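Keep in mind that what you see is a predicted model, and the values were worked out from it rather than measured. Every heavy atom of this structure was used, including side-chain atoms; hydrogens, water molecules and symmetry mates were not. Read the numbers this way: they start at 1 and go in the same order the structure lists the ligands and their atoms. Numbering starts at 1 and runs along the sequence shown.
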Amino acid sequence: MCIFCSIVNKKIPANIVKEDEEFIAFKDINPKAKTHLLVIPKVHSENFQMTEPETIAKVSSFIQALAKEKNIENNYKIQINNGEKAGQEVMHLHFHILSNEAI
Ligand code: AMP
């Protein structure tokens, strides 16, 4: 089982900030900004390229709601590393949400 699937299944701890039936957001263990969250689909998908467009559409709403709830809706960046050559280390699709505002 991959490390992010273990977080989804609560086999390893994570600082979870939002969760619904399909997605989960938690704090990055090695933050690169004041706020650094990772948003992942609960169903394993290796990377952005291999993910159904429907899932990508749905995650957009989840990220928008998350940003609003955490009051960073006017101040965040989204980063996706797709593939090892692009710096992807964890092979479970994740969206980096980075803000220079603390949540
Ligand atoms: P990437 O290089 O795009 O694959 O990013 C993987 C991210 O996952 C890195 O920013 C790591 O700090 C983060 N990470 C790895 N393991 C954990 C974990 N157990 N809990 C939270 N974040 C993690």
Centroid separation under 6.0 Å, is that true for the rings of Phe95 and Phe23? no
To the nearest 0.5 Å, atom NE2 of His94 lies from atom OG of Ser45 at 12.0 Å
Do you know the tightest heavy-atom contact between Ala102 and Lys34? N-CD, 3.8 Å
Sequence neighbours excluded - side-chain hydrogen bond (donor to acceptor under 3.5 Å, both in side chains) pairs with any residue from residues 71-81: Asn75-Asn100, Asn75-Glu101, Gln79-Asn81
Atom pairs, nitrogen or oxygen, ligand 1 to protein, under 3.5 angstrom:
{"residue": "ligand 1", "atom": "2 (O)", "partner": "Gly87", "partner atom": "O", "Å": "2.8"}
{"residue": "ligand 1", "atom": "2 (O)", "partner": "Glu89", "partner atom": "N", "Å": "3.4"}
{"residue": "ligand 1", "atom": "3 (O)", "partner": "Asn81", "partner atom": "ND2", "Å": "2.8"}
{"residue": "ligand 1", "atom": "3 (O)", "partner": "His94", "partner atom": "NE2", "Å": "2.7"}
{"residue": "ligand 1", "atom": "3 (O)", "partner": "His96", "partner atom": "NE2", "Å": "2.8"}
{"residue": "ligand 1", "atom": "4 (O)", "partner": "Glu89", "partner atom": "N", "Å": "2.6"}
{"residue": "ligand 1", "atom": "4 (O)", "partner": "Val90", "partner atom": "N", "Å": "2.9"}
{"residue": "ligand 1", "atom": "4 (O)", "partner": "His94", "partner atom": "NE2", "Å": "2.9"}
{"residue": "ligand 1", "atom": "5 (O)", "partner": "His94", "partner atom": "NE2", "Å": "3.0"}
{"residue": "ligand 1", "atom": "5 (O)", "partner": "His96", "partner atom": "NE2", "Å": "3.4"}
{"residue": "ligand 1", "atom": "10 (O)", "partner": "Asp28", "partner atom": "OD1", "Å": "3.2"}
{"residue": "ligand 1", "atom": "10 (O)", "partner": "Asp28", "partner atom": "OD2", "Å": "2.5"}
{"residue": "ligand 1", "atom": "12 (O)", "partner": "Asp28", "partner atom": "OD1", "Å": "2.5"}
{"residue": "ligand 1", "atom": "22 (N)", "partner": "Ile29", "partner atom": "N", "Å": "3.1"}

Assign the ring pair His96 / His36 to parallel, tilted or perpendicular, where the plane angle (0 to 90°) is split at 30° and 60°. tilted
Between Thr55 (side chain) and Thr51 (backbone), is there a donor-acceptor pair under 3.5 Å? no
